[in-house]
Amino acid sequence: MYRYDEFDQQLVDERVTQFRRQVERRMAGELTEDQFKPLRLMNGLYLQLHAYMLRVNVPYGMLSSRQLRQLALIARRYDRDYGHFTTRQNIQYNWVSLEDTPDILAALAEVEMNAMQSSGNCVRNITADQFAGRAKDEIEDPRVWCELIRQYSILNPEFAYLPRKFKIAVTGSPNDRAAVAVHDIGLRMHHGEDGKPGFEVIVGGGQGRTPVIGKTIRGWLEPEHVLGYVEAILRIYNMYGRRDNLYKARIKILVNAVGIDKFRELVDAEWEHLRGGELTIPAEEISRIHAYFAPPEWEELPDGAATLAAQLAENETFAHWHQANVSEHKQPGYAIVTVSLKAPGREPGDLDADRMDALAELADRFSCGELRVSHRQNLVLADVRQDQLLTLWQALSALELATPNIGLLTDMIACPGLDYCALANARSIPVAQDISRHFIDVDKLQTIGNLSINISGCMNACGHHHVGNIGILGVDKRGKEYFQLTLGGASDQQASLGDRLGPALPQDEVPGAIETLVDTYLGLRQDADETFLETYRRVGITPFKTAVYGDDTSPRRVA
Amino acid sequence: MALVKQGKIVEDSFQRVTDEAIPTTGAVLVDLATWQAQREQLKGRAEPVGVVLKSDEHPEVLADDLPGLALVALDFPTFRDGRAYSYARLLRDRYEFTGELRAVGDVLLEQLLYMQRCGFDAFEIESDDPERDFETALADFTVWYQPAGDDRASALQLRHRR
């Protein structure tokens with residue numbers, strides 16, 4: 001993975017020094033909260049319902065075991081012994097104090113990490129496919145481009161005060177695991193007409209109050225021009241994006257207002273000036289960054305398929321886990337393991353300090369000392385030898401980290417919700433916990449197959465409910481928490497927004513409604529290979545609506 | 001409020017003129033509407049003329065006039081409004097404006113470095129000790145990843161020079 005050199009380290013150290021001085025000025029009363037707010041936000045520090053929250057960047061989800069150990073140390077020393085992995089592949093600490101923050105940032109800098117631009121109206125953490133560099137379907141490793149964009153965007157003087165936040169995601173595979181269509185800019189690698197890999201550039205996607213699937217602004221872009229083209233988009237957005245209304249300030253609103261064709265004209269006119277200029281990435285720089293992501297020296301392993309098949313046949317629990325949590329690796333004899341942070345009854349994405357340390361240890365033992373955070377709030381060990389899967393699974397089981405549910409119904413995304421967040425209307429975590437306790441039967445989960453449930457505590461949609469196969473949105477009905485269901489959302493290469501099922505339900509009815517939806521699907525599907533989403537797209541919403549509400553779809557009266 | 005150029009407090013030689021009659025002598029700073037209404041008359045003056053642009057006034061409207069202008073001031077109605085960073089870059093890189101580019105309005109100390117990198121060379125700042133604060137703010141960072149409107153070398157350039 002990428003390693004800081006003296007330039008990266010110097011920059012991050014200078015940022016810590018600067019923020020330490022700003023915090024001192026705030027504590028001494030030289031800065032008002034109003035003046036301090038933009039400064040702390042640029043360093044990832046939010047004021048939440050009960051405490052400060054610090055959001056730490058995990059660039060495109062990559063973590064070394066050393067970094068994960070430091071995250072554990074920070075959780076113990078400065079927080080309540082745990083952290084929360086987010087849909088932006090970052091980690092959040094929910095209970096830090098203002099005066100400790102400079103020390104936390106210094107502790108992060110020791111392990112080549114930072115919290116720069118993890119909030120604020122600027123370019124945020126660049127996100128990517130969590131299987132980057134290892135997926136069999138990949139054209140090119142997206143992390144090379146993520147790192148180049150990361151460097152370009154950090155402290156970029158022109159774009160520190162954009163109309164609103166700006167999220168860029170990159171996938172190197174045709175199968176999109178990075179949800180690029182719901183980002184401000186999504187980059188999707190594909191082969192051009194002459195067979196050269198390049199990017200489809202998608203712009204103006206997003207969730208929140210106004211969910212939009214991004215539109216293609218350029219079908220194919222030479223990778224060496226990615227920074228110049230991103231700059232053209234950012235400049236047009238910075239100059240013409242709305243600034244009069246916080247809720248209409250994202251680039252998607254601008255793209256929709258002028259139309260993608262006019263927006264493309266504006267960007268291309270700007271791009272004409274920039275093309276071939278100083279942002280063109282020199283070939284030697286691309287190779288330099290590429291070298292950081294060179295794969296480890298894989299061993300030439302004998303085909304372990306027979307041994308593994310025997311182990312799977314012998315042990316049904318291991319087989320369940322293998323089916324759900326192990327993905328194909330491009331190198332024969334290796335496998336990609338996803339560690340579920342969605343055990344029944346636990347808060348999705350949370351991990352305590354002891355388990356962080358234990359996972360760091362397992363990464364060292366089994367997976368070259370590296371881990372990845374996925375946007376679905378799980379961790380990934382990407383270089384596990386097939387013949388060590390059983391041993392790894394046993395170790396994960398002992399840590400209660402072997403829940404066999406990746407891609408299944410209980411692998412839910414959930415935002416922090418009203419338990420932490422000042423914006424939320426409803427608590428997301430208890431709903432997720434209810435559902436995960438309700439659907440405990442592994443056989444049933446595997447029978448249901450791939451199904452994503454995404455839960456947001458309010459319409460800001462941090463829990464990605466719009467693109468969940470089943471979306472759950474917390475709403476406030478006269479002071480009570482209700483939940484609105486949507487069906488048919490997806491965030492992959494065929495991204496779509498969910499359709500509203502019917503009136504919102506009280507919390508205690510949500511698991512039952514999910515069960516009804518699932519049973520309806522099982523009754524309607526053509527065969528076991530037809531997923532929930534495919535069935536939904538084939539039959540439409542009506543049978544699901546009728547199953548949940550009967551003929552009565554009038555709004556629920558609040559008792 | 002102090003005007004700082006090249007790290008020093010300087011006297012503002014421009015008189016800011018709004019609606020009232022333009023004084024017959026001295027350097028003046030006018031708004032865009034005044035400039036557009038009285039362009040020929042203003043161009044004929046012996047002494048320097050500057051134009052101040054609001055954040056929704058794109059500098060492209062001045063592109064042809066720039067050789068005759070000594071000063072362009074870009075207004076930050078609030079520090080959150082970052083349009084002028086892009087305007088500054090266009091003024092310098094695209095329209096090749098070489099006169100004074102002044103940041104006015106809600107200019108925070110923490111933003112001076114960004115402004116300077118985008119091409120501003122004059123700053124109206126609110127501070128008890130503008131020269132000290134200016135120096136401190138500009139010393140915050142010595143490493144930059146990306147090229148901008150200044151002559152600081154990017155980390156990329158430095159890396160490949162090694």
Side-chain angles (χ1 to χ4, degrees), chain A residues 5-15 17-19 21-22 25 30-31 35-39 42 120-122 148 150-164 227 231 234-241 243-244 246 249 270 273-274 277-279 281-282 284-285 288-289, chain B residues 55-60 76-90 92-95 106-120 126-128 133 136-150 152-162:
Chain A
D5 65 10
E6 66 269 34
F7 299 105
D8 305 285
Q9 192 66 52
Q10 175 81 12
L11 190 153
V12 168
D13 290 345
E14 287 175 352
R15 179 61 148 199
T17 305
Q18 182 198 41
F19 191 59
R21 198 183 68 234
Q22 290 165 349
R25 285 169 64 203
E30 292 171 29
L31 289 173
Q35 292 168 319
F36 180 62
K37 188 178 173 188
L39 308 179
M42 292 282 185
N121 294 333
C122 49
L148 286 160
R150 183 192 76 82
Q151 296 194 15
Y152 162 78
S153 65
I154 288 292
L155 294 190
N156 190 312
E158 187 178 345
F159 306 120
Y161 294 89
L162 294 169
R164 199 71 181 88
L227 300 183
E231 176 147 304
L234 282 170
R235 184 169 287 163
I236 294 301
Y237 171 54
N238 192 39
M239 295 193 298
Y240 300 110
R243 291 175 185 269
D244 59 329
L246 181 69
E270 185 58 37
H273 291 286
L274 298 172
E278 56 190 349
L279 288 174
I281 311 165
E284 58 266 39
E285 177 66 0
R288 189 183 75 87
I289 301 291
Chain B
S55 68
D56 59 356
E57 293 170 341
H58 196 286
E60 194 174 8
F76 291 82
T78 146
F79 71 85
R80 290 182 192 86
D81 187 339
R83 279 176 276 196
Y85 296 99
S86 288
Y87 296 162
R89 292 220 50 196
L90 289 180
R92 292 298 193 207
D93 300 351
R94 187 131 334 140
Y95 311 131
D106 193 14
V107 176
L108 300 193
L109 296 174
E110 277 73 15
Q111 298 178 314
L112 295 176
L113 244 178
Y114 289 170
M115 290 175 181
Q116 197 199 43
R117 289 218 68 208
C118 288
F120 287 98
E126 191 76 64
S127 152
D128 298 333
D133 284 346
T136 309
L138 256 65
D140 273 347
F141 293 99
T142 60
V143 178
W144 299 94
Y145 279 128
Q146 60 295 97
D150 56 0
R152 287 178 176 85
S154 66
L156 189 153
Q157 290 168 321
L158 296 171
R159 280 169 174 144
H160 290 277
R161 268 180 217 165
R162 283 189 295 206

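Proteins get letters first, then strands, A, B, ... in listed order; numbering begins at 1 in each. Computed from heavy atoms alone, side chains included, the values below leave out hydrogens, waters and symmetry copies. Nothing here was measured: the structure is a model prediction, and the numbers come from that model.
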I'd like to know if the side chain of B:Asp81 and the backbone of B:Thr78 have a donor-acceptor N/O pair within less than 3.5 Å. no
In sequence, state the C-alpha distance, the side-chain angles, and the governing distance for A:Gln10 and A:Glu14, and then conclude on side-chain hydrogen bond (donor to acceptor under 3.5 Å, both in side chains). CA-CA 6 Å; A:Gln10 175 81 12; A:Glu14 287 175 352; 2.7 Å; yes
In terms of heavy-atom contacts, does CG of B:Asp128 have more than 12 from other residues, nucleotides or ligands at under 6.0 Å? no
Part of A:Asp13 within contact of chain B (heavy atom distance under 4.5 Å): neither
Only pairs of heavy atoms separated by less than 4.5 Å count here; which of B:Leu108, B:Thr142, B:Asp93, B:Asp150 has the most with chain A? B:Thr142
Is chain A contacted by the side chain of B:Arg159, its backbone, both, or neither, given a heavy-atom distance below 4.5 Å? both
Which one wins on heavy-atom pair count under 4.5 Å against chain A: B:Gln157, B:His58, B:His160? B:His160
Quick one: do A:Glu30 and A:Arg21 make a salt bridge, cutoff under 4.0 Å? no
Counting only heavy atoms not in B:Glu60, do more than 12 fall under 6.0 Å of its CD? no
Region of B:Leu90 in contact with chain A, defined by heavy-atom distances below 4.5 Å: side chain
Salt-bridge test for A:Arg235 and A:Glu231: reply yes if a basic N is under 4.0 Å from a carboxylate O, no otherwise. yes
Test item: A:Pro163 and A:Tyr237 side chains (from C-beta on) under 4.5 Å apart, heavy atoms: yes
With a 4.5 Å cut-off on heavy-atom pairs, point out which of B:Gln116, B:Arg117, B:Met115 contacts chain A the most. B:Arg117
What part of B:Gln111 lies closer than 4.5 angstrom to a heavy atom of chain A: side chain, backbone, both or neither? side chain
Okay, A:Pro282 and chain B: the region with an atom under 4.5 Å from a heavy atom over there is side chain
Answer with side chain, backbone, both or neither: which region of A:Ile281 has an atom nearer than 4.5 Å to a non-hydrogen atom of chain B? neither
Checking A:Leu234 against chain B: side chain, backbone, both or neither under 4.5 Å from a heavy atom? neither
Check: A:Asp8 side chain, A:Leu11 main-chain N or O, donor-acceptor pair, under 3.5 Å: no
Segment of A:Arg243 engaging chain B (4.5 angstrom heavy-atom cut-off): side chain
Any donor-acceptor pair under 3.5 Å linking the side chain of A:Asn156 with the backbone of B:Gln146? no
For a quick check under 3.5 Å, do B:Arg83 and B:Ser55 share a side-chain donor-acceptor pair by atom type? yes
Against chain B, work out which of A:Leu39, A:Leu227, A:Thr17 has the most heavy-atom pairs shorter than 4.5 Å and name it. A:Leu39
Quick check for you: among A:Glu278, A:His273, A:Arg288, which has the greatest number of heavy-atom pairs under 4.5 Å with chain B? A:His273
Which bit of A:Asn121 is near chain B, if near means a heavy-atom gap under 4.5 Å: side chain, backbone, both or neither? neither
Could you tell me which of B:Trp144, B:Tyr114, B:Tyr87 has the largest number of non-hydrogen atom pairs under 4.5 Å with chain A? B:Tyr114
